[in-house]
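Written below as structure tokens is the structure these notes are about.
In this chain, numbering begins with 1 at the start of the sequence shown.
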Amino acid sequence: MKNIITILLFVSTTLVHAQDVNVLLKEAANLEKQLKESEALEKYKQIASTDTNNIFVLVKCTELNCSIGARQTDKNAKANYYNEAQTYAQKALVADPNNADANYAMAVLAGKMTEIEPEKKKVTEYVRQTKLYGDKAIAINPNHAKANYVVGKWHYEMVTLSWIKKAAVKTLYGGLPKGDIDSAILYMEKCRVLDQYFVRNYLDLAKAYQYKSQPAKAIEVLNKLVKLPNRTADDAALKEEGKQMLQQMQ
């Protein structure tokens with residue numbers, strides 16, 4: 001009899017927990033739609049504290065910490081958000097090393113850590129990790145839109161890195177993997193097909209076309225960019241940057 005009661009209590013508790021998680025997930029998603037990222041992050045963190053292997057939630061915590069952290073003007077505040085993002089990204093990867101989302105989260109995190117890491121050798125390692133985890137995410141799921149963007153952006157940044165920085169990196173640390181502007185465009189164009197509302201991808205794709213001296217294609221991308229809806233707290237500013245870029249090119 002005691003065993004039956006124990007089983008019933010366990011099942012009941014599990015069901016209640018699942019219901020609570022579903023409620024919190026809906027609340028978090030609604031807050032994201034309202035562009036209330038800080039509030040959404042707190043909801044996701046609440047879920048992550050009990051549902052410790054929920055990769056979707058861990059990735060959300062990584063993304064939102066990175067997004068909010070990028071807008072911080074105080075270096076310490078930025079570092080706090082990125083360090084918290086690192087904790088969640090690493091938990092996601094430990095939960096499933098062969099999960100595309102987990103590897104994508106690590107790629108995003110590595111890219112952000114280059115902004116706060118003072119040691120050049122570690123910065124170089126984070127740059128390597130960005131591509132390493134991005135490539136793995138795509139290998140697991142070739143149609144992962146944001147992973148394609150991350151790798152495309154990596155190629156663009158490697159190509160546009162100033163020759164002084166390239167020389168310093170090569171001299172001190174043996175160089176970095178080579179970037180390629182055609183690869184940058186290829187990956188970001190694939191991202192555009194997979195996610196037609198990803199504002200940040202449009203802006204960087206336009207920059208890649210501009211760098212390759214293809215203004216007509218850059219203008220085409222920018223014209224679509226400025227008409228996109230705002231889906232994240234960063235989109236309005238990104239669209240404004242695209243609008244100014246478009247005005248300069250026309």
Side-chain angles (χ1 to χ4, degrees), residues 21 24-49 51-72 77-97 99-116 126 129-138 140-141 143-154 157 187-188 191-192 194-204 228-238:
V21 168
L24 287 170
L25 282 171
K26 288 180 181 178
E27 291 176 350
N30 287 333
L31 287 167
E32 279 194 273
K33 289 178 182 177
Q34 298 170 38
L35 309 184
K36 297 179 179 178
E37 289 189 344
S38 295
E39 293 89 338
L41 175 58
E42 290 306 313
K43 295 289 183 182
Y44 286 123
K45 286 167 64 175
Q46 190 176 342
I47 301 169
S49 65
D51 197 358
T52 55
N53 290 322
N54 190 321
I55 291 178
F56 172 82
V57 171
L58 294 170
V59 171
K60 279 291 185 181
C61 288
T62 303
E63 287 184 317
L64 289 172
N65 269 299
C66 287
S67 177
I68 298 168
R71 295 193 295 270
Q72 303 302 308
K78 185 185 292 287
N80 288 338
Y81 277 106
Y82 288 172
N83 287 329
E84 189 169 275
Q86 186 174 44
T87 299
Y88 287 112
Q90 289 174 341
K91 285 182 178 180
L93 194 68
V94 169
D96 187 354
N99 181 280
D101 287 336
N103 281 277
Y104 151 74
M106 284 296 293
V108 171
L109 180 278
K112 292 299 183 184
M113 292 301 285
T114 62
E115 299 176 13
I116 62 170
Y126 280 129
Q129 288 181 13
T130 302
K131 188 169 187 295
L132 174 70
Y133 287 113
D135 283 344
K136 186 172 181 180
I138 294 173
I140 297 167
N141 178 10
N143 292 325
H144 195 295
K146 289 185 177 179
N148 274 279
Y149 163 73
V150 168
V151 175
K153 179 66 180 295
W154 183 92
E157 290 184 337
Y187 283 110
M188 287 191 276
C191 175
R192 178 158 68 137
L194 296 167
D195 186 347
Q196 298 177 23
Y197 298 97
F198 188 12
V199 170
R200 191 178 294 276
N201 180 67
Y202 278 79
L203 181 60
D204 287 327
L228 293 174
N230 295 335
R231 297 198 309 174
T232 78
D234 294 316
D235 287 353
L238 294 171

**OP:** Could you walk me through whether Val151 and Ile138 pass the side chain to side chain contact (heavy atoms under 4.5 Å, CB included) test, one step at a time?
**Re:** CA-CA 9 Å; Val151 175; Ile138 294 173; 3.6 Å; yes
**OP:** Start with the C-alpha gap between Asn201 and Arg192, add the side-chain angles, then the distance that decides, and say whether side chain to side chain contact (heavy atoms under 4.5 Å, CB included) holds.
**Re:** CA-CA 7 Å; Asn201 180 67; Arg192 178 158 68 137; 3.8 Å; yes
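- Residues Tyr133 and Leu93 meet the side-chain proximity criterion, which asks for heavy atoms closer than 4.5 Å.
- Taking the side chain as every heavy atom from C-beta outward, Leu25 and Ile47 approach each other to under 4.5 Å.
- Across Cys61 and Ala48, no two heavy atoms sit closer than the pair SG-CB, 4.4 Å.
- When every heavy atom of Ala145 is checked against every heavy atom of Leu194, the shortest pair comes out as CB-CB, 3.7 Å.
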Original post:
Between Lys43 and Glu39, is a salt bridge (Lys or Arg N to Asp or Glu O under 4.0 Å) present by the stated rule, with each step listed?
Top reply: CA-CA 7 Å; Lys43 295 289 183 182; Glu39 293 89 338; over 6 Å; no
**OP:** Decide side chain to side chain donor-acceptor pair (under 3.5 Å) for Thr232 and Glu37; before the verdict, give the C-alpha distance in whole Å, the side-chain angles of both, and the deciding distance to 0.1 Å.
**Re:** CA-CA 8 Å; Thr232 78; Glu37 289 189 344; 4.7 Å; no
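- Between Glu63 and Lys146 there is a side-chain heavy-atom pair separated by less than 4.5 Å.
- Ile116 places a side-chain heavy atom less than 4.5 Å from the side chain of Asn83.
- The aromatic rings of His144 and Tyr104 sit tilted, their planes meeting at an angle between 30° and 60°.
- The CG atom of Asn103 sits 4.5 Å away from the CD1 atom of Ile140 when rounded to the nearest 0.5 Å.
- Closest of all the heavy-atom pairs between Asn99 and Ala102 is OD1-N, 3.0 Å.
- If you take CD1 on Ile55 and CG on Asp96, they are separated by 4.5 Å, rounding to the nearest 0.5 Å.
- Under a 3.5 Å cut-off, the side chain of Lys112 and the backbone N or O of Gln86 do not form any donor-acceptor pair.
- One finds the OH atom of Tyr81 at 5.0 Å from the CD1 atom of Ile68 (value rounded to the nearest 0.5 Å).
- A distance of 12.0 Å separates CG of Leu24 from CD of Glu42, quoted to the nearest 0.5 Å.
- For the pair Thr62 (side chain) and Ala105 (backbone), a donor-acceptor distance under 3.5 Å is absent.
- No side-chain heavy atom of Tyr202 sits less than 4.5 Å from a side-chain heavy atom of Leu238.
- In this structure, CG in Asn65 is found 9.5 Å from CG in Leu109, a value given to the nearest 0.5 Å.
- In terms of heavy atoms, Asn53 sits closest to Ala95 at OD1-CB, 3.9 Å.
- Of the possible polar contacts, none joining the Lys78 side chain to the Arg71 backbone as a donor-acceptor pair under 3.5 Å is found.
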**OP:** Verify side chain to side chain contact (heavy atoms under 4.5 Å, CB included) between Val108 and Val150, making sure each step is shown before the conclusion.
**Re:** CA-CA 7 Å; Val108 171; Val150 168; 3.9 Å; yes
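- Taking 4.0 Å as the cut-off between side-chain N and carboxylate O, Lys131 and Asp135 count as a salt-bridged pair.
- Looking at Arg200 and Asp195, no side-chain N of the basic residue comes within less than 4.0 Å of a carboxylate O on the acidic one, giving no salt bridge.
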Original post:
For Glu32 and Tyr44, what are the C-alpha separation, side-chain angles and deciding distance, and is it a side chain to side chain donor-acceptor pair (under 3.5 Å)?
Top reply: CA-CA 11 Å; Glu32 279 194 273; Tyr44 286 123; 2.7 Å; yes
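- The shortest distance between side-chain heavy atoms of Met188 and Asp204 falls below 4.5 Å.
- Between Lys136 and Pro97 the shortest heavy-atom distance is NZ-O, 3.3 Å.
- Heavy-atom contacts from other residues, nucleotides or ligands closer than 6.0 Å to NZ of Lys45 number more than 12.
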**OP:** Let me see the working for Cys191 and Phe198 under side chain to side chain contact (heavy atoms under 4.5 Å, CB included), right down to the final yes or no.
**Re:** CA-CA 8 Å; Cys191 175; Phe198 188 12; 3.5 Å; yes
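- Between Glu115 atom CD and Tyr126 atom OH the span is 12.5 Å, to the nearest 0.5 Å.
- The distance between the ring centers of Tyr149 and Tyr187 does not fall below 6.0 angstrom.
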**OP:** Show your working on side chain to side chain donor-acceptor pair (under 3.5 Å) between Tyr82 and Gln72 and close with a plain yes or no.
**Re:** CA-CA 11 Å; Tyr82 288 172; Gln72 303 302 308; over 6 Å; no
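- Pairing each heavy atom of Leu41 with each of Glu84, the nearest pair is CD2-OE2, 4.5 Å.
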